[in-house]
K.L.:
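Can you read through this structure? Questions will come right after.
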Amino acid sequence: MGKKNYCPKMIEAKWQKKWEKDGHPKSRGKKGKYYILDMFPYPSGDGLHVGHVENFTATDIYARFMRFLGYEVIHPMGWDAFGLPAENFAIKTGIHPDKKTRESIKNFTRQIKSIGLSYDWHREINTSSPEYYRFTQWMFLFLYKNGLAYKKKAKVNWCPSCQTVLANEQVIDGKCDRSGDIVIQKDLEQWFFKITDFIENTKSKTGKKIAGLLSGLETIDWPESTKAAQRNWIGRSEGAEVVFCVVDTEEEIRVFTTRLDTIFGCTYVVIAPEHSLLGTLKSTIANYAEVKKYLEKTKKKTDLERTELNKEKSGVLLEGIEAVNPFNGEKVPVYVADYVLGTYGTAAVMGVPAHDERDFEFAKKYNLPMRKSIVPIGGKNKEKCFTEDGEVYDSGEFTRLSSAEAREKMAAWLKKEKLGRKVVNYRLRDWLISRQRYWGAPIPIIYCDICGTVPVPEKDLPVKLPTDVDFRPDGESPLARSKSFHQVKCPACGKKARRESDTMDTFVCSSWYYLRYADPKNTKQFASKKALKRYLPVDFYMGGAEHTVLHLLYARFFTKALATYGYLDFDEPFMKLRHQGMILAEDGQKMSKSKGNVINPDQIIAEFGADSLRLYEMFMGPIDEMKVWNTKSIIGLRRFLEKVWNYFNDYIEYKKKYSEAIGGGEKQLSSLQRTIEKVTRDITDLKFNTAMSQLMILLNELKGVGPKTADEKNKGGEIFFDKKEDMESMLILLSPFAPHIAEEIWEKLGNKKSIFFAEWPKCDKKKITKEMMKIVVQVNGKVRAVLTLAAETSEEEVRQLALADQNTRAHIAGKTVRKVIYVSGRILNIVAT
RNA sequence: GCCGAAGUGGUGGAAUGGCAGACACGCUGGACUCAAAAUCCAGUGAUAGCAAUAUCGUGUGGGUUCAAGUCCCACCUUCGGCACCA
């Protein structure tokens, strides 16, 4: 017969053109809004990655599905366009980052459109455009005016190769997460955002509760691993601060401990090299020369060297200094040692070698005494160093209390004596956002000799990036070298002043972009209240797991800060979050340009078609699990689409010849209903791989089985449904996965409007026929027979038939039947001994 | 060390405590073809057997249960996050 072969190239081009012209079909939104967001990509010069395709296809299927169900779906796309790669490229080639970025965006857009994704292109944003970064600067001013952005001199992470400071979150194992260079510490004056203000619950200015970064995690549907990583990163730890007075001085050492119950075992105190006491007690320390040498040695170490594990601890005794344990009045020696961090807690700890591994090591090296103050409950302390909770031992009035009780009672005692208190410490530091680089949003601040730090008035925003800049980094922001940019008049007094020349961390831009999509063309506000109320928060967010602490934590901080001042009426931005699993190259390694194992989606589309690529990536496995790419396997999905194509073409041909119904029997109708049920449930649960399987199973059942249709001889025969609507239901189920082929067949079936205006089929349970039931007969849990019986067969009959089965009888022979378990319609287990 | 996730054929992966391996790739055999590709049909966990069938089999060792990939306990391995954080 004269049917045309499936030609994705033509079909896909045709529909993409139509969607481009008319926009994607959208539902009327009877059921309200649903905001589905992808983590917006950095438009790199390398183009789209198969990981992007995985992420975007998954949300596209979900978006199309939700539209079918009648939701107004917000599904935007945009560009996280500031950042180092474009700037480094510019340094190498002289091509301006703006030009390069525009080219990359163009390429990304082309690629995204070539896979048939149904984005709301009218909402497109670009963080490097002045229209966008104007509001990034507004965000900075908002934080600044409310005391949430501040400048301070601090020890900061400096990447010598990127020539800029980095946030703590951008330092991985002591190395820069971009260049991999070892990060060094520098004392610099830099801008910080006060993220630490939002760790615990707070109240908005109108008294509304704002869930903290910690407790807010309980209210959102995120992967447990991501929540755990955020909790880890915040690093909340409950303990106590204890005052150790320094003998013969007015000074005191406050130590932080989570194990106050072990304090009677304290035999010394250690302070960090950064501790202020080393300055104030300089003259009291008898061996200051030696101490000074130690401090200089430590200062030279990078953080990486200093925190290297299993390294022998070192320290110096502060001669002439003694501290008093407030609980027993004992005088203990004081050491300075670099295993105590200057940036955590009070920069001082008490040494309890009997109950802490690190103290144990240190004490062994410097011959310090050990004193036991905790014993295991119901056992003897055999280990040299017992670090678990137990029962307090030899500790005055606290002896015999459990560790937990002792911590409470001891803290109460400290409070009463004014010698300390309960304290909570966090690992999370404020977010350092200054960058000494060009390709970012300028910080809208002006420094005036008379007025000091002056925020740029809102009416003067955006502070535009100058274009006449030499962007080679040299430790100072390239913006400082642009006189037109740098030298300005003070907005307060009009005298000569200078502009802040640093730019903001690109993560600032991406911390609020999801709000901008609600109202992307607004020139007065980052988004109108009305639009925010209508579209936010994001209902479903999807993106890579590499953003668990950086972007996702910062975005939550922004939301909470804005909510505090009444700009938002929700305190968590992303209600439901999922990560797509990483796709490894065929060799099982991470895809990378240097290894030459990167798969280019363009090539796959050219060879197999976009629908095949979409299907393949969804069929690979569970969306959130790591998967290995295998180009060979794509053919299976392409074959499936060819079968779909041929099947519907045969149907169309058949309808031309014969008007009477020939169609499928009850069995096929029943399969269709089950498929509707399964596919609907699987898309809801984001189980796209099994939804695809079910569609394949249905097609396999319709092809190659049953009575032959009139003209098909050499084939196994194909079964069509009597009703056109059943044929169409099948196609609708497939359409979110493979939109191009679905539209094309839909049109061939004689429909004038897009398939995406159709109704999602409903499972008609009445049409699911009770087929013959299959009863598995087991003897002692092992399958011995399978009985096919009418659905209404009674339990008694099933029993009798099972016991009559030959193979069953052979296995019971010589044994006594003790018990028979019957699970209705499923299984019958005979227990015989 | 702490926190989190996961270990199933040759491969990717399916399995509300109830037939382990759905679906797909690959492979083997057959049909079609001068031939090949494509397509179609059949088979495909291991071992034994012509077969019916039997035994073993979901990282390891125990346990609960009529019945465990699934639940409980202990361990091993891999991946991800944190880590001299007191």
Side-chain angles (χ1 to χ4, degrees), chain A residues 5 172-173 223-237 239 255-259 262 270 272 306-311 313 337-341 343-352 355-359 361-362 387 425-428 545-546 548-549 579 581-582 615-616 619-622 624-637 639-640 642-643 646 687 689-697 700 703-704 714-716 774-786 806-807 810-811 818-823 825-832:
Chain A
N5 286 333
I172 313 288
D173 296 330
E224 193 45 50
S225 55
T226 304
K227 291 190 191 181
Q230 291 217 350
R231 282 190 205 103
N232 264 341
W233 186 258
I234 294 166
R236 184 180 204 271
S237 117
V255 305
F256 174 72
T257 178
T258 55
R259 290 299 304 275
T262 66
V270 192
R306 207 173 134 178
T307 58
E308 211 176 314
L309 273 162
N310 306 324
K311 159 200 89 165
K313 298 189 175 20
D338 67 1
Y339 80 90
V340 175
L341 305 174
T343 51
Y344 184 78
T346 54
V349 301
M350 61 182 197
V352 186
H355 304 294
D356 182 279
E357 303 269 4
R358 295 156 300 187
D359 297 345
E361 262 178 69
F362 190 79
T387 57
N425 262 315
Y426 304 95
R427 215 190 66 92
L428 182 71
E546 67 273 19
T548 41
V549 281
H579 302 297
M582 201 198 298
L615 256 48
Y616 170 63
F619 188 65
M620 283 177 89
D624 54 354
E625 272 174 38
M626 197 187 281
K627 290 160 289 253
V628 180
W629 183 269
N630 182 4
T631 300
K632 257 188 178 169
S633 294
I634 305 173
I635 193 68
L637 287 303
R639 280 179 196 150
F640 168 69
E642 276 166 9
K643 282 185 209 165
N646 291 338
K687 287 158 79 174
N689 54 332
T690 49
M692 284 307 308
S693 302
Q694 184 57 41
L695 288 167
M696 290 173 181
I697 290 167
N700 288 345
K703 285 183 76 85
N714 56 347
K715 299 254 172 87
K774 259 167 78 183
I775 304 292
V776 174
V777 180
Q778 298 182 329
V779 177
N780 295 331
K782 286 193 175 161
V783 182
R784 298 304 175 190
V786 180
Q806 275 208 352
N807 200 30
H811 283 91
R818 303 279 173 201
K819 209 175 174 183
V820 178
I821 289 128
Y822 179 60
V823 182
R826 285 170 168 272
I827 206 159
L828 185 111
N829 191 11
I830 299 161
V831 186

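Convention: sequence-line order gives letters A, B, ...; per-chain numbering from 1. Just so we're clear, the structure is a prediction, and the values are computed from it rather than from any experiment.
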K.L.:
Across the strands shown, which category fits L341(A) at heavy-atom distances under 4.0 angstrom: base, sugar-phosphate, nothing?
P.N.:
base
K.L.:
In whole angstrom, what separates M692(A)'s CE from G12(B)'s C1'?
P.N.:
14 Å
K.L.:
N807(A) has a side chain; which of A86(B), G18(B), U53(B) sits nearest to it?
P.N.:
U53(B)
K.L.:
Is Y339(A) near enough to A86(B) that one of its side-chain N or O atoms lies under 4.0 angstrom from OP1 or OP2?
P.N.:
no
K.L.:
Please map the stems of RNA chain B, keeping only stretches of three or more Watson-Crick or G-U wobble pairs with both distances under 3.5 angstrom.
P.N.:
B:1-7 with B:76-82, B:10-12 with B:23-25, B:26-31 with B:39-44, B:45-48 with B:53-56, B:59-63 with B:71-75
K.L.:
By side chain to side chain contact (heavy atoms under 4.5 Å, CB included), which residues pair with P223(A), not counting sequence neighbours?
P.N.:
S225(A), T226(A), L577(A), R578(A), H579(A)
K.L.:
May I have the distance from L428(A) (atom CG) to G81(B) (atom P), rounded to whole angstrom?
P.N.:
18 Å
K.L.:
I want to verify a distance call: between C82(B), A14(B), C19(B), whose nearest atom is closest to the T690(A) side chain?
P.N.:
A14(B)
K.L.:
In B/S/- notation, 5' to 3', how is nucleotides 3-8 of chain B contacted by protein heavy atoms closer than 4.0 Å?
P.N.:
BS----
K.L.:
Students often get this wrong, so: under 4.0 angstrom with heavy atoms, is M350(A) touching a base, only sugar-phosphate, or nothing?
P.N.:
nothing
K.L.:
My understanding is that only residues two or more places apart in sequence, or in another chain, count here; which of them pass side chain to side chain contact (heavy atoms under 4.5 Å, CB included) with N232(A)?
P.N.:
none
K.L.:
At under 4.0 Å between heavy atoms, how does the protein contact nucleotides 25-32 of chain B? Give one character per nucleotide, 5' to 3', with B, S or -.
P.N.:
SS------
K.L.:
Is the shortest side-chain N/O distance from R784(A) to OP1 or OP2 of A54(B) below 4.0 Å?
P.N.:
yes
K.L.:
Looking for any heavy atom pair under 4.0 Å, which part of the strands does V340(A) touch: base, sugar-phosphate only, or nothing?
P.N.:
base
K.L.:
Does a side-chain N or O of S237(A) approach OP1 or OP2 of A86(B) to a distance below 4.0 Å, or not?
P.N.:
yes
K.L.:
Going by the angle between their ring planes, with limits at 30° and 60°, are Y339(A) and F362(A) parallel, tilted or perpendicular?
P.N.:
tilted
K.L.:
May I ask you to verify if any side-chain N or O of H811(A) is less than 4.0 angstrom from the OP1 or OP2 atom of U53(B)?
P.N.:
no
K.L.:
Any base atoms under 4.0 Å from V831(A), or only sugar-phosphate, or nothing? Heavy atoms, all strands.
P.N.:
sugar-phosphate
K.L.:
For K819(A), give me all partners under side chain to side chain contact (heavy atoms under 4.5 Å, CB included), at least two apart in sequence or on another chain.
P.N.:
I821(A), V831(A)
K.L.:
Using a 4.0 Å heavy-atom cut-off, does N689(A) contact any base of the nucleic acid, only the sugar-phosphate backbone, or nothing at all?
P.N.:
sugar-phosphate
K.L.:
Using a 4.0 Å heavy-atom cut-off, does V776(A) contact any base of the nucleic acid, only the sugar-phosphate backbone, or nothing at all?
P.N.:
base
K.L.:
Within less than 4.0 Å of OP1 or OP2 of U65(B), is there a side-chain N or O belonging to N829(A)?
P.N.:
no
K.L.:
Base, sugar-phosphate or nothing for K782(A)? Non-hydrogen atoms, less than 4.0 Å.
P.N.:
sugar-phosphate
K.L.:
Figure out the NE2/C1' separation between H355(A) and C84(B), and round it to whole Å.
P.N.:
19 Å
K.L.:
So, is K643(A) close to the A38(B) phosphate, meaning a side-chain N or O under 4.0 Å from OP1 or OP2?
P.N.:
no
K.L.:
What is the nucleic acid contact for P622(A), judged by heavy atoms within less than 4.0 Å: base, sugar-phosphate only, or nothing?
P.N.:
sugar-phosphate
